[in-house]
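The chains referred to below are lettered A, B, ... by the order of the sequence lines, with proteins before strands, and numbering in each begins at 1.
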2 protein chains.
Amino acid sequence: MAAERKGGVTISQVAKEAGVARSSVSRAYTRPDMLSPETVERIKAAAGRLGYVPNHTARALSTGRYGNLALIVPDVANPFFPPMIRAAQVEADRSDFCVFLGNSDEDPEKEDQLLGRFSGQVEGIILASPRLSDERIAAHALLRPLVLINRDVKGIPKVLIDSGTGIAEATQHLADFRHRNIVYVSGPSTSWSNKQRRAAVRQASKKLGLDLSFVSASVPSFEAGLQAVDAILAKGATAAIAFDDVTAQGILAGLGERGVSVPGEFSVVGCDDALGPLTVPSLTTVSSRSIEAGKLAVSLLLEVLGSQAVRDASYVLETHLIVRSTTGPAPERGQG
Amino acid sequence: MAAERKGGVTISQVAKEAGVARSSVSRAYTRPDMLSPETVERIKAAAGRLGYVPNHTARALSTGRYGNLALIVPDVANPFFPPMIRAAQVEADRSDFCVFLGNSDEDPEKEDQLLGRFSGQVEGIILASPRLSDERIAAHALLRPLVLINRDVKGIPKVLIDSGTGIAEATQHLADFRHRNIVYVSGPSTSWSNKQRRAAVRQASKKLGLDLSFVSASVPSFEAGLQAVDAILAKGATAAIAFDDVTAQGILAGLGERGVSVPGEFSVVGCDDALGPLTVPSLTTVSSRSIEAGKLAVSLLLEVLGSQAVRDASYVLETHLIVRSTTGPAPERGQG
DNA sequence: CTGTTAGCGCATTCAT
DNA sequence: ATGAATGCGCTAACAG
């Protein structure tokens, strides 16, 4: 029985056991083709006997290739991210990379810290829906290859989910249902997606001649949605488009509490399709493509790592409205 | 402008710039108290000028302390885990540890691979709801400090969420509502929690004289729950206790599709309280305490890392029934 | 207090 | 095809 519990078996021990030089053991793992098949086999056998496992850290120090990357998200518990995280991991795994997960808690400072903390031990970083300033992001991008998801900073590779197209469809959808007065419940002010969505509703509303108001739910959460309901109702609107599904769900709950029926008296549209058809009534929302975004971000990052060439690449994923059951005709009004 | 993009500034360069030995630079960061305040300041200044950042990897190689740990879960997208993940990160962060997140996709082999892949670069590993065999787990525990969540393997520190107490309460609750024929929709066969829950319903049912059947939904998912509905109904039961909330939600949806009203005609109980009151009708479930589990697991692991002493520590978190709106009196039957 | 000297485990020249 | 030597960047005795 080998396996010294701590420290682990080293290349030297294997070398001795196999009766070869340390470099040969190293080569047996990294460039087997440089060795005679028998030697490789002998080494592998010795290694197996001793329970040798290459030390990732030592290798990283020597080669500069860490073999891992980091993914930082604002909130793991937000259902928008898990599928993305999962997709990123799967994709990273395909190229034998490990991924660090960072949770910034929607806090720019925390995000900055994580960035610093990770950058020392990963080859590249993916920043999803960052809340950090452009300047800080650019600064970090100078130190490590960085890929952004849902954020547009000049000179930095990114994957953008264009929720604008879907939001425009949603606005049209509401107009078709004769809603004249709608409200957009906005998310984090530092969120690129929020700016984009907000702009999209605004533009579409203008074009369609709708009356648009804004209510803010600074942090995207069930709670925030719940608390936004009074403000929404006060605007006299008959429909709301929420920054995301979670917020929309909170709005739905708040509406329920106040006895406002959906979609009978009020229509709600979410965004991101993070909840699937799981809600009741099932939520009309905008598709998210977060899985593709996660996958793409990783392959883009890997590409950047491979060739120093890739500089300012952007992928844009379009979205569409998914009509389910929280939208319907505007209620009849007592006054014309 | 310093900051050479790649490679980074090293301790030697700082040493030269500051006119001191390399070891002093090292000490300035790890043991400033060993140096005169002025020297420290001079070094920090030089470092700042050059944009020096300590290389985590090199430090790890030299000290054996990686400063990170791994957390492996079966499915990031399962709402039971994100809060746990988040809690673990927060707790790890308090001690300045980074955490690798692994997603096994409910696959024992994948889990095994991740374990191997991570163990080279972390000081300890937390395995949440593992699907791996006891043997393999024990084997890995030999190489790296390991802490289990929701799995009981002799000799390995663990945090157990005792859903048994809550499940027993749930069964009692159904019996109080005069349900006589219930079914337990089981989860992964390799899941400790599933075994525990299954045993708990069985025991409680026996004690209460209930008629109990089993339906299997091997993987805990909305889909699996949906597909289990026919089998559930075929058992002639009037209530179901599901392995977890996600499965319960699927069951709810399936029941809806078939026009079976809840809780009018059928009662459903979930487990883990992963969805909160977000479902409609809001789900009667068993509390999970996953946040505490994540936090505890990390502090336990850190404790193990600190003193080689801690060996077989176990924390057990009890759970309770949370009554919401998916349970009600058993429907009247046409035949006695 | 601070400089000198050795490694940590591995990859990689350069020889042979 | 293989061995010997050197260094990645840092920490940790060991001396002064």
Side-chain angles (χ1 to χ4, degrees), chain A residues 2-4 6-44 46-47 50-68 119-123 143, chain B residues 2-4 6-44 46-47 50-68 96 119-123 143-144:
Chain A
E4 286 285 322
K6 273 294 177 192
V9 182
T10 81
I11 213 177
S12 306
Q13 307 180 34
V14 178
K16 188 186 296 175
E17 172 82 11
V20 298
R22 292 173 11 218
S23 45
S24 293
V25 179
S26 172
R27 288 194 265 256
Y29 285 86
T30 54
R31 333 207 35 153
D33 50 297
M34 286 183 67
L35 264 36
S36 83
E38 306 118 34
T39 328
V40 174
E41 185 157 357
R42 190 148 43 94
I43 293 176
K44 295 270 186 179
L50 265 40
Y52 167 75
V53 173
N55 183 317
H56 193 95
T57 304
R59 179 178 297 182
L61 181 58
S62 176
T63 60
R65 286 191 298 277
Y66 296 81
N68 31 65
S119 93
Q121 37 193 336
V122 302
E123 287 180 52
L143 304 173
Chain B
E4 287 286 322
K6 272 295 178 192
V9 183
T10 81
I11 211 176
S12 305
Q13 306 180 36
V14 178
K16 189 187 295 176
E17 171 83 10
V20 298
R22 304 199 330 250
S23 46
S24 293
V25 179
S26 173
R27 285 178 190 126
Y29 285 87
T30 54
R31 333 205 36 143
D33 51 296
M34 286 183 67
L35 264 36
S36 83
E38 305 119 34
T39 327
V40 174
E41 186 157 356
R42 190 148 42 94
I43 293 176
K44 294 269 187 179
L50 265 40
Y52 168 75
V53 173
N55 182 317
H56 191 96
T57 304
R59 180 179 295 182
L61 181 58
S62 174
T63 60
R65 286 192 298 275
Y66 297 81
N68 35 62
D96 225 44
S119 93
Q121 37 193 336
V122 303
E123 286 179 53
L143 303 173
R144 286 286 159 203

Sugar-phosphate only, base, or nothing, as touched by A:Thr57 at under 4.0 Å among non-hydrogen atoms: nothing
Distance, rounded to the nearest Å, where B:Arg59 contributes CZ and C:dG9 contributes C1': 18 Å
Flag, side chain of B:Arg22 to backbone of B:Ile11, donor-acceptor distance under 3.5 Å: no
Nearest heavy atoms of B:Pro32 and B:Ala28, plus distance in Å: CG-O, 3.5 Å
Closest nucleotide among C:dT2, D:dG3, D:dC10 to the A:Ser24 side chain: D:dG3
Sorted by number, the residues of residues 27-36 of chain A with heavy-atom contact under 4.0 Å to DNA chain D: A:Arg27, A:Met34, A:Leu35, A:Ser36
Distance, rounded to the nearest Å, where A:Gln121 contributes CD and D:dC8 contributes C1': 17 Å
Closest contact, heavy atoms only, B:Gly64 versus B:Glu123: O-CG, 4.4 Å
Whole-Å gap separating P (C:dC10) and CD1 (A:Ile43): 13 Å
B:Gln121 side chain to A:Thr57 backbone, donor-acceptor under 3.5 Å: no
Six-ring centre of A:Tyr29, A:Lys44 cation under 6.0 angstrom, axis tolerance 45°: yes
Side-chain N or O of B:Tyr52 closer than 4.0 Å to phosphate OP1/OP2 of D:dC10: yes
Straight-line distance of A:Ser23 OG to A:Arg31 CZ, nearest 0.5 Å: 13.0 Å
For the student: nearest non-hydrogen atoms of B:Ala46 and B:Ala18, plus distance: CB-CB, 3.7 Å
A:Ser23 side-chain N/O to D:dA4 phosphate OP1/OP2 under 4.0 Å: no
Nucleotide D:dA4, atom P - distance to NZ of A:Lys16 in whole Å: 14 Å
Atom-pair distance (OH on B:Tyr66; P on D:dT11), nearest Å: 15 Å
Heavy-atom side-chain contact between B:Asn68 and B:His56 under 4.5 Å: yes
Touch class at under 4.0 angstrom, heavy-atom based, for B:Val25 against every strand present: nothing
Heavy-atom check, side chain of A:Leu35 versus side chain of A:Ile43, under 4.5 Å: yes
Approximate separation, where rounding is to 0.5 Å, of B:Lys16 NZ and B:Gln13 CD: 7.5 Å
Restricting to nitrogen or oxygen on both sides, can you table the protein-nucleotides 6-8 of chain C pairs closer than 3.5 Å?
{"from": "C:dA6", "atom 1": "N6", "to": "B:Arg22", "atom 2": "NH2", "distance (Å)": "3.4"}
{"from": "C:dG7", "atom 1": "N2", "to": "B:Ser62", "atom 2": "OG", "distance (Å)": "3.4"}
{"from": "C:dC8", "atom 1": "O2", "to": "B:Ser62", "atom 2": "N", "distance (Å)": "3.4"}

Terminal helix-axis angle for the helix from C:dC1-D:dG16 to C:dT16-D:dA1, with five pairs defining each axis and rounding to 10 degrees: 40°
Any A:Thr10 side-chain heavy atom under 4.5 Å of A:Asn55 side chain: no
Any A:Val53 side-chain heavy atom under 4.5 Å of B:Leu143 side chain: no
Between P of C:dG3 and CD1 of B:Ile11, the distance in whole Å: 12 Å
Under-4.0 Å side-chain N/O to phosphate OP1/OP2 contact, A:Thr39 with D:dT2: yes
